[in-house]
Amino acid sequence: MNSVLAYIDGNTDRYLQELGDLLAIPSVSTDTGRFPDIVRCSEWLADHMRGIGLHNVRTMPTPGHPVVYAEWLGAPGKPTVLIYGHYDVQPPEPLELWTSPPFQATIRGDDLFARGSSDDKGQTFIHLKAVEAYLKTQGALPVNVKFLIEGEEEIGSEHLEAFVREHAALLGADVVLISDSSMFAKGVPSICYGLRGLAYMQIDVTGPSRDLHSGSYGGSVLNPIQALTEIIAQLHDKNGRVTVKGFYDDVRKLSAKERKAYKKLPWSDAKYARDLGVRGLYGEKGFTTLERLWARPTLECNGIWGGFTGEGAKTVLPSRASAKVSMRLVPDQSSAKAARMFERHIKRISPKGVQVRVRSLHGGEPVITSIDSAGVRAAITALERGFGKKPLYQRDGGSIPIVVQFKKLLKIETVLLGFGLPDENAHAPDEFLHLPNFFGGIRTVAHFFEILPGLSRKPKA
Ligand code: BES
Ligand code: MN
Ligand code: MN
């Protein structure tokens, strides 16, 4: 183990340079024009995996973006760890808000800035570098590993479920390990045991068949922007609760034990509000901020457009208006059911005089993972060794759609070992990765590989 840790310490500059090369590829999954970069990124990873000594490395086609697979199975009788990550990233726009170019990794202080640095190329790279440290110093790992790195996570992992189903035998393992979430705070490592689900919707409102002069026609027909904003304004009541009929029906109640545990976490609403630049917080009455973020479902309007938005003034009564609305879901809500309830509700409250179309864009199911599996116990000790601190238990508000499928299709529990920070600007300009967490993460994963075999009784293979 000491030579593994020494190898990590001795190669920090090269590790950062390589991560910079990975981050230079603009693998934006939602942008079809970037498909060649998606392919290039998958091939870069595959080449890199071959270089560090992984076996059976391949990029595997799907109807969408390729999946990168690799393995090292030289530890018969020992547990197998399936490591999942994603190499696709969110769009970098608006570009003018970046301090340094998004695809040119730049270190300022202790942080490395680039799109994907935290979500999720940087965190995925942590695992590759831990594996490399073993294979280059020992020629072996204490466990078997399989890598499944996908390129569609940021657009809903549309083709991954079928891929996992089809390749269930190839992907068989004792535990899934994912670093695609955050620690509780800087210097406060954590194990995440819950993620929210998602139902992403679009509303399109059409009024008159064409744009109209607002003087000649204003007063005669309902403006679709007015109709749309009135619909959206009705989706929350004065207590911050979502008004969609049936929305809360399947929500699992927070146990008294969990509420108590949340209250013990080091948290300040005032500091949180100050960090976000808001004068006060908002949300469903009767729940604390962490409860609302982690264990309560929510509904947000993500974007809204229509009519004239250019410079100056144009007196127009527009023909159309649209909005994107997403719902974050918690156990035991279902994404398809939430989408259906939403559509029905919007139709019910839509005013006459406009046509309203509701579509579901994508979704994912919420998940709670086991907190006493061998994998979690190994992760706790590994974090203690890697960061010198006992981790906290937390849930998170974001979504990783495939986690539920690992459980359903492969019958494997997932360990969510996040090395990001909540304020690393994921999905926003100036995304960064805190470098002490990058290297602490590599050390933690190296410890995890060593600790796991002693804790898991019955490996599958
Ligand atoms: N890494 C995030 C998910 C995440 C964020 C987990 C914060 C825990 C804390 C992931 O890349 C992501 O952004 N997922 C999308 C899911 C979607 C597009 C289906 C999300 O949560 O919006
Ligand atoms: Mn991610
Ligand atoms: Mn993301």
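Predicted model, so just to flag it, every value in this text is computed and none were measured. Order of listing sets the numbers, starting from 1, for every ligand and every atom in it.
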Colleague: With sequence neighbours left out, what residues match Phe125 under ring pair (Phe, Tyr, Trp, His ring centres under 6.0 Å)?
Modeller: His48
Colleague: For the Mn ion (ligand 2), which protein N/O/S atoms are closer than 2.8 Å?
Modeller: His86 NE2, Asp119 OD1, Asp180 OD1, Asp180 OD2
Colleague: Quick one: look up the protein heavy atom nearest atom 16 (C) of ligand 1 and list residue, atom name and how far away it is.
Modeller: Ser399 O, 3.5 Å
Colleague: How far is atom 22 (O) of ligand 1 from its nearest protein heavy atom, and which residue and atom name does that atom have?
Modeller: Arg328 NH2, 2.7 Å
Colleague: Can you tell me which portion of His427 lies within the under-4.0 Å heavy-atom range of ligand 1? Options are side chain, backbone, both, or neither.
Modeller: side chain
Colleague: Within 45° of the axis and under 6.0 Å from the centre of the six-membered ring of Phe103, does NZ or CZ of Arg115 qualify?
Modeller: no
Colleague: Quick one: does ligand 1 sit under 4.0 Å from the side chain of Ser182, the backbone, both or neither, non-hydrogen atoms only?
Modeller: neither
Colleague: Can you find an N or O of Asp180 that's nearer than 3.5 Å to an N or O of ligand 1?
Modeller: yes
Colleague: Check the orientation of Tyr200 and His362. Use parallel for under 30°, tilted for 30 to 60°, and perpendicular for over 60°.
Modeller: tilted
Colleague: For ligand 1, which part of Leu195 has a heavy atom less than 4.0 Å away: the side chain, the backbone, both, or neither?
Modeller: side chain
Colleague: Say whether, by atom type as modelled, one donor and one acceptor occur between the side chain of Gln394 and the main chain of Ile191 under 3.5 angstrom.
Modeller: no
Colleague: Using a 3.5 Å distance criterion without hydrogens, assess whether the side chain of Glu161 forms a donor-acceptor pair with backbone atoms of Ile402.
Modeller: no
Colleague: Can you tell if the side chain of Phe163 reaches within under 4.5 Å of the side chain of Glu150, non-hydrogen atoms only?
Modeller: no
Colleague: Got the closest protein heavy atom to atom 11 (O) of ligand 1, with its distance?
Modeller: Glu153 OE1, 2.7 Å
Colleague: Less than 4.0 Å between a side-chain N and a carboxylate O, is that true for Glu291 and Arg296?
Modeller: no
Colleague: Is the ring pair Phe406/Tyr84 parallel, tilted or perpendicular, if the boundaries are 30 and 60 degrees?
Modeller: perpendicular
Colleague: Looking at atom 5 (C) of ligand 1, what's its closest protein heavy atom, distance included?
Modeller: Gly398 CA, 3.9 Å
Colleague: Check for me whether Pro401 has a heavy atom closer than 4.0 Å to any atom of ligand 1.
Modeller: yes
Colleague: What do you reckon, does Glu154 have a nitrogen or oxygen under 3.5 Å from a nitrogen or oxygen of ligand 1?
Modeller: yes
Colleague: With backbone taken as N, CA, C and O and side chain as the heavy atoms from C-beta onward, which portion of Arg196 lies under 4.0 Å from ligand 1: side chain, backbone, both, or neither?
Modeller: neither
Colleague: Is the shortest N/O to N/O distance between His362 and ligand 1 below 3.5 Å?
Modeller: no
Colleague: Output the distance between atom CG (Asn425) and atom CG (Asp111), rounded to the nearest 0.5 Å.
Modeller: 10.0 Å
Colleague: Without swapping roles, check the side chain of Ser322 against the backbone of Trp305 for a donor-acceptor pair under 3.5 Å.
Modeller: no
Colleague: In chain order, what residues pass the ring pair (Phe, Tyr, Trp, His ring centres under 6.0 Å) check against Tyr87, with sequence neighbours excluded?
Modeller: none
Colleague: Mind checking what makes ring pair (Phe, Tyr, Trp, His ring centres under 6.0 Å) contact with Phe35, not counting sequence neighbours?
Modeller: His65
Colleague: Could you find the nearest protein heavy atom to atom 8 (C) of ligand 1 and give me its residue, atom name and distance?
Modeller: Ser181 CB, 3.5 Å
Colleague: Would a distance-only check, ignoring hydrogens and angles, find a side-chain to backbone donor-acceptor pair under 3.5 Å from Ser190 to Phe184?
Modeller: yes
Colleague: Against heavy atoms of Asp396, which atoms of ligand 1 measure under 4.0 Å?
Modeller: 8 (C), 9 (C)
Colleague: Main chain of Val143, side chain of Trp72: is a donor-acceptor contact present, judged purely on distance under 3.5 Å?
Modeller: no
Colleague: For ligand 1, which atoms, with element, lie under 4.0 Å from some heavy atom of His86?
Modeller: 11 (O)
Colleague: Report, in ascending order of atom number, the atoms of ligand 1 lying under 4.0 Å from any heavy atom of Leu198.
Modeller: 17 (C), 19 (C)
